[in-house]
Amino acid sequence: MNIFTKFFKYCQTCYDELAHKVTWPTRKELTGSAVLVLTASLIIALVVFAMDLTFEQIMSLVYPSAVK
């Protein structure tokens, strides 16, 4: 088998697996997962923001001359 035959066989196998063997999520499952990821991202962003504000306040007490 030459390299082109091997490559064609590989592409054919990949297509067969994606088209016939993979279980794709439904629209409802995909939407639910997307909402979960967006919610978790928002919560994490808010926690990091709160931590930043807290540390800024602590540092302004430790280094009062460095306040903006």
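All values below were derived from every heavy atom in this structure, side-chain atoms included, with hydrogens, water molecules and symmetry-related copies excluded.
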Show the atom names and distances, to 0.1 Å, of all donor-acceptor pairs under 3.5 Å that link a side chain in residues 37-53 to residues at least two apart or in another chain.
| residue | atom | partner | partner atom | Å |
| --- | --- | --- | --- | --- |
| T39 | OG1 | V35 | O | 2.7 |
| S41 | OG | V37 | O | 2.9 |

Could you tabulate the donor-acceptor pairs under 3.5 Å formed by side-chain atoms of residues 12-32, not counting sequence neighbours?
| residue | atom | partner | partner atom | Å |
| --- | --- | --- | --- | --- |
| T13 | OG1 | K9 | O | 2.8 |
| W24 | NE1 | L18 | O | 3.2 |
| T26 | OG1 | E29 | N | 3.2 |
| E29 | OE1 | T26 | N | 2.9 |
| T31 | OG1 | R27 | O | 2.8 |

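Other residues sharing the hydrophobic cluster of L36, ordered by chain and number and joined by side-chain separations under 4.5 Å: none, the residue standing alone.
By the neighbour-count criterion of 12 heavy atoms within 6.0 Å, atom CD1 of I3 is sparsely surrounded, having that number or fewer from other residues, nucleotides or ligands.
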